[in-house]
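The structure under discussion appears below in the form of structure tokens.
Within every chain, numbering begins at 1; the chains are lettered A, B, ... in the order of the sequence lines, protein sequences first and strands thereafter. Because the structure is a prediction, the values reported are computed rather than measured.
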Amino acid sequence: MTQTTTRDVTEAASGPERTHSGPTYVPPTDIYETETEIFVVADMPGVKPEGVTVELEGRTLTISGTPAEHGAVGGDAVRLEYRPGGYTRAFTVSDAIDREKIRASMRDGVLTLVLPKAAPAKTQRVHVQAG
Amino acid sequence: MSWRGFDEFWDPWREFARVERDMGRLFGVPGGVRSGSAPAVNVRADHDKVTVTAELPGVSLEDVDVSVVGRRLTIRGERRTSEPAAGGRYHRRERESGRFGRAVNLPYPVEVGAVTAGLKDGVLTVTLPRAQADRPRKITVQAA
């Protein structure tokens with residue numbers, strides 16, 4: 001059986017330089033798997049489609065989002081409960097992904113990645129021949 | 001009415017507790033709210049308008065209800081996260097779904113009929129113009 005796993009890469013110490021000011025958050029993410037595909041759905045409010053970067057390097061999938069410069073919401077702060085920021089998160093995926101067919105879409109601040117599984121690996125049989 | 005005025009408005013903890021109570025009542029959640037069902041808001045104001053923003057990723061405008069009663073703005077809605085196809089299974093499930101609601105006091109009366117709301121890239125922006133009657137008036141001084 002093909003075991004497909006996704007897990008956090010604990011340290012993003014050697015991550016890319018940040019290209020925006022403000023905090024960088026780990027986006028809340030759903031990951032689910034069907035027979036043929038793995039879905040990664042991440043909340044990145046404030047990020048436009050052009051602000052999203054998806055990279056698969058080796059088995060490390062990194063998603064990041066740079067927030068659009070907010071059209072300067074004017075006025076004095078009366079109450080500030082959140083700070084707009086960027087997002088980054090990395091996962092380790094199994095190598096049974098068809099890398100050429102990964103699809104990504106960004107809508108209403110939600111990134112959806114579809115990772116098609118590679119054709120199921122044939123069970124390797126080693127024929128032992130009688131000597 | 002000073003005790004209902006700025007003092008309360010400026011005390012975040014009292015406001016949190018009250019909002020939690022209100023929302024708990026509103027949605028029948030015992031003992032308050034689950035995290036995420038009361039979205040965080042930023043409120044900014046200048047002389048002409050109040051701007052309230054909230055991060056609501058994945059929410060469409062038709063699923064949000066914005067209302068103003070007196071000096072109180074209420075944002076309510078529902079967030080639907082898509083379910084995986086039959087046979088799918090979750091590896092992790094961190095995104096909140098379901099109903100949410102939030103109420104905030106406004107620093108001054110607003111023109112209720114002129115309030116606008118928009119959702120862009122998962123960020124809700126509500127613009128509330130100051131009530132005409134409440135705007136500072138410029139008095140032209142005429143030479144005698």
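A/E33 has a carboxylate O that lies under 4.0 Å from a charged side-chain N of A/K117, or vice versa, which qualifies the two as a salt bridge.
At a 4.5 Å heavy-atom cutoff, the contact between B/T53 and chain A is made by backbone and side-chain atoms alike. For A/Y82, the parts sitting under 4.5 Å from any heavy atom of chain B are the backbone and the side chain alike. The part of B/K120 that comes within reach of chain A is its side chain, from C-beta onward, which places non-hydrogen atoms under 4.5 angstrom from that chain. With a 4.5 Å cut-off on non-hydrogen atoms, B/V50 does not touch chain A at all.
Chain B forms more heavy-atom pairs under 4.5 Å with one residue of A/A42, A/G51, A/G75 than with any other, namely A/G75. Of the listed residues (A/V110, A/D43, A/V41), the one with the most heavy-atom contacts under 4.5 Å to chain B is A/D43. When each of A/G109, A/P27, A/P45 is checked for heavy-atom pairs under 4.5 Å with chain B, A/P45 comes out on top.
For the side chain to side chain contact (heavy atoms under 4.5 Å, CB included) with A/F39, the lone residue among A/D30, A/T34, A/I31, A/L113 that qualifies is A/T34.
A donor-acceptor pair shorter than 3.5 Å cannot be found between the side chains of A/T29 and B/R95.
Within the 4.5 Å cutoff, the side chain of B/V110 has no heavy atoms near those of the B/R71 side chain.
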TODO: Before giving the answer on side-chain contact (heavy atoms from CB on, under 4.5 Å), spell out for B/V41 and B/R102 the whole-Å C-alpha distance, their side-chain angles and the decisive distance to 0.1 Å.
DONE: CA-CA 8 Å; B/V41 295; B/R102 184 64 207 268; 3.8 Å; yes
- Tell me, with the steps shown, if B/R72 and B/N105 meet side chain to side chain donor-acceptor pair (under 3.5 Å). CA-CA 5 Å; B/R72 196 160 165 83; B/N105 288 348; 2.9 Å; yes
